[in-house]
Amino acid sequence: MTRETPRKRVAVIGATGSVGSSVLEVCRRSRDDIEVVALAAHTNCEKLLSLGREFGAKMLSATAPEAVKTLKAHAGGVFQVFQGPEGLLFMAQSEEVDHIVFASSGTDAIPALQVALRAGKEVSLANKESVVLGGPWVMPLVRYPDQLRPLDSEHNALWQCLHGENIRNVRRLYLTASGGPFRTFSREELKKVTPDMALKHPVWAMGAKITIDSATLMNKGIELIEAMYLFNLEAEQLKALISPGSFVHGLVEFQDGFVKMLAGDPDMTLPAASCLFWPRRSSLFECSALEGRTLSFEAPDEERFPSIRLAKEVMRKKGPYPALLIGADEVAVERFLRRQISFTDIPEVIESTLESCHLPTPEKLEDAFVLSDWARAQCANFCDARE
Ligand code: NDP
Ligand code: MG
């Protein structure tokens, strides 16, 4: 893109959240190249309005009726205001959008993601639940190479490493994890972890759900499943590696024994810029000093952090399990944050939920949503039993 070429018109779903803020920071610093035309959030209408005004957006959307009312009251003829799923669907196929970023939490945006891919829009995808729950109904909709750009830092790293490579030459992909705040905790210490302790991540500043998932390592488990669908690999080809400091994000081991890895400062604005600018590289960032840096990699301890083992089982079995995992984990994290279950209960109630399911493989996305809802209710029962 140069000043002569038109600016890329971008929509951001989840604009008021942590990843959304990183994406908008890139947009803020790239006004010659990027025009933000549409923003969506769930309830935070004040922030949405302020972002809408700052970027001169044309479309705003919120889910909560109260938020929509406020948006309409303050739209002043400047913004087109939409509500809920319809708003996301409208933005996903709008002629005025070239590139759409999915940075919302939860699974509500999956239908809009499908529509955006079908419409041929460039898509940046941070929302991992979309691929884990909806992979079989999302991935076949990708129409051209690099249409779907992974924004999650590990997948973004792997995507960059795989450029120019034949996926058949890949032996294994490694996703790194910082190990979270409790990497060195004993099992006894883990039992006493409180929400306040778990909400302080040593490296990344993120939304509450993913911060807790990072502490249990379920985030890494979910990311392994995400990578399996994104890169169309077998369960055995994906591994997690603990790398404190999170400077290396992903590694690709090829059949000839070489390993390609991608490093960079742990800051979501970097993958956000790579997605928005690809195949160009922005000149927005500079890497912090390399001198004195050491890299280390170790296997995650699946005894202390059973989430990785659970995710591996889910990957091997597939069927209803990815959708169940997403639903059960959401509830388990919610209940932990409300202090209704302990930190070490989280993987246990998820495992009980997975084990108690005898439902068949979903045939369509709607079935996967039903399974996920079933897992939410079932997991809530297991949580109640522990209170
Ligand atoms: P946050 O909780 O910080 O933000 C979530 C965002 O989604 C908010 O803007 C929220 O709006 C919006 N939202 C929620 N539901 C809807 C909906 N139905 N329609 C439109 N917008 C909605 O989460 P994060 O930014 O941390 O994470 C977002 C996603 O990105 C998750 O899937 C996460 O796993 C993934 N991710 C996050 C990373 C990070 O660094 N944070 C890194 C890699 C991936 P409101 O503010 O109104 O509630
Ligand atoms: Mg990640």
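All figures in this text were calculated on a predicted structure; none of them were measured in a lab.
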Locate the shortest heavy-atom distance separating S21 from K47; write the atom from each residue and the value. OG-NZ, 3.8 Å
Which heavy atom in F82 sits nearest to a heavy atom in Q80, and how many Å separate them? CZ-NE2, 3.6 Å
Mind listing the closest non-hydrogen atom pair of A227 and L238 along with its distance? CB-CD2, 3.6 Å
For the NE2 atom of H99 and the CD atom of E35, what is their distance to the nearest 0.5 Å? 14.5 Å
Got a sec: does the CZ of F258 have more than 12 other heavy atoms crowding it under 6.0 Å? no
Taking all atoms of both residues into account, what is the closest heavy-atom pair of A67 and A62, and its distance? CB-CB, 3.8 Å
Determine whether L175 and V252 fall in the same hydrophobic cluster, where Ile, Leu, Val, Met, Phe, Trp and Tyr are linked whenever their side-chain heavy atoms lie under 4.5 Å apart. yes
Is a side-chain donor or acceptor of S307 paired with a backbone partner of T216 at a separation under 3.5 angstrom? yes
Hey, could you give me the CG/OG1 distance between L48 and T16, rounded to the nearest 0.5 Å? 6.5 Å
Does K72, at its NZ atom, have more than 12 non-hydrogen atoms belonging to other residues, nucleotides or ligands within less than 6.0 Å? no
Taking the side chain as everything from C-beta on, heavy atoms only, tell me whether R143 gets closer than 4.5 Å to L117. no
Has D98 got a side-chain atom pairing as donor or acceptor with R9's backbone, closer than 3.5 angstrom? yes
Spatial distance of atom CD (E154) from atom NE2 (H249) [nearest 0.5 Å]: 8.0 Å
Heavy-atom count around H74 NE2 within 6.0 Å, excluding the residue itself: above 12? no
Specify the closest pair of heavy atoms between S124 and L276, including all atoms of both residues, with the distance to one decimal. OG-N, 4.5 Å
Would you find a donor on one side and an acceptor on the other, under 3.5 Å apart, between the side chain of R149 and the backbone of V101? no
How about Q93 and R118: do any of their side-chain heavy atoms sit closer than 4.5 Å? no
ILVMFWY network linking V10 to V37, side-chain heavy atoms under 4.5 angstrom: no
Distance-only, no hydrogens or angles: does the T353 side chain make a donor-acceptor pair with backbone N or O of V349 under 3.5 Å? yes
Quick one: are the ring centres of W159 and H163 less than 6.0 Å apart? yes
So, D373 side chain and V370 main chain: donor-acceptor pair closer than 3.5 Å or not? no
Does the pair E188/K192 count as a salt bridge with the N-to-O cut at 4.0 Å? no
Mind checking whether V170 and F231 have side chains closer than 4.5 Å, heavy atoms only? no
Answer yes if I346 and L199 sit in the same cluster of Ile, Leu, Val, Met, Phe, Trp and Tyr residues linked by side chain heavy atoms under 4.5 Å apart, and no otherwise. yes
Against C379, only a single residue in I341, V331, L354, D384 fulfils side-chain contact (heavy atoms from CB on, under 4.5 Å); can you say which? V331
Measure the shortest side-chain to side-chain distance between F79 and R53 over non-hydrogen atoms and say whether it is less than 4.5 angstrom. yes
Please answer whether the main-chain N or O of H155 pairs with a side-chain N or O of D152 as donor and acceptor at a distance below 3.5 Å. no
I350 vs L324 side-chain heavy atoms within contact, under 4.5 Å: no
Determine whether S356 and W374 satisfy the following criterion, side chain to side chain contact (heavy atoms under 4.5 Å, CB included), listing intermediate values before the conclusion. CA-CA 11 Å; S356 66; W374 181 90; 3.7 Å; yes
Which residues share a side-chain contact (heavy atoms from CB on, under 4.5 Å) with S288, sequence neighbours left out: D265, R293
Please evaluate residues L284 and T269 with respect to the criterion side chain to side chain contact (heavy atoms under 4.5 Å, CB included), reporting the C-alpha separation (whole Å), side-chain torsions for both, the decisive distance (0.1 Å), and the verdict. CA-CA 9 Å; L284 295 173; T269 50; over 6 Å; no
Please lay out, stage by stage, how F182 and F343 fare under the test ring pair (Phe, Tyr, Trp, His ring centres under 6.0 Å). CA-CA 11 Å; F182 314 124; F343 185 75; 5.4 Å; yes
Smallest heavy-atom separation, L71 atom then S61 atom, equals CD1-C, 4.3 Å
For K239, does the NZ atom sit with more than 12 other heavy atoms under 6.0 Å from it, leaving out its own atoms? no
Answer yes if the side chains of S274 and N156 hold a donor-acceptor pair under 3.5 Å, and no otherwise. yes
Atom pair CD1 (I167) and CG (L233), whose distance is rounded to the nearest 0.5 Å: 4.5 Å
So, K121 side chain and V97 main chain: donor-acceptor pair closer than 3.5 Å or not? yes
Verify same cluster id: I34, W278 (apolar side-chain graph, 4.5 Å): no
Stepwise side chain to side chain contact (heavy atoms under 4.5 Å, CB included) check, K209 with S105: CA-CA 9 Å; K209 159 78 168 54; S105 46; over 6 Å; no
Find out if a path of hydrophobic residues (ILVMFWY) with successive side-chain heavy-atom gaps under 4.5 Å connects V19 to V333. no
Is the shortest heavy-atom distance from the side chain of L51 to the side chain of L60 under 4.5 Å? no
I'd like to know whether D301 forms a salt bridge (Lys or Arg N to Asp or Glu O under 4.0 Å) with R183, so could you lay out the CA-CA distance, the side-chain angles of the two residues, the decisive distance to 0.1 Å, and finally the verdict. CA-CA 9 Å; D301 180 345; R183 184 170 57 90; over 6 Å; no
Donor-acceptor contact present, side-chain Q147 to main-chain E122, <3.5 Å: no
Kindly compute the distance separating CD1 (I242) from CD1 (I308), expressed to the nearest 0.5 Å. 6.5 Å
Pair D196-T194, side-chain donor/acceptor within less than 3.5 Å: no
Kindly indicate whether the side chain of L125, heavy atoms from C-beta on, has any atom under 4.5 Å from the side chain of P150. no
Give the intermediate values and the outcome of salt bridge (Lys or Arg N to Asp or Glu O under 4.0 Å) for residues R309 and E302. CA-CA 6 Å; R309 173 178 58 75; E302 294 183 17; 5.6 Å; no
Side chain to side chain, F369 and I110, heavy atoms closer than 4.5 Å: yes
Just checking, any donor-acceptor pair under 3.5 angstrom between side chains of N127 and S130? yes
d(C27 SG, L39 CG) to nearest 0.5 Å is 9.0 Å
Distance-only, no hydrogens or angles: does the K220 side chain make a donor-acceptor pair with backbone N or O of T176 under 3.5 Å? yes
For N232, is the CG atom crowded, meaning more than 12 foreign heavy atoms sit under 6.0 Å from it? no
Decide yes or no on side chain to side chain contact (heavy atoms under 4.5 Å, CB included) for V138 and Q114, but give the supporting numbers first. CA-CA 6 Å; V138 167; Q114 292 180 307; 4.3 Å; yes
Are the side chain of K128 and the backbone N or O of E226 linked by a donor-acceptor pair below 3.5 Å? no
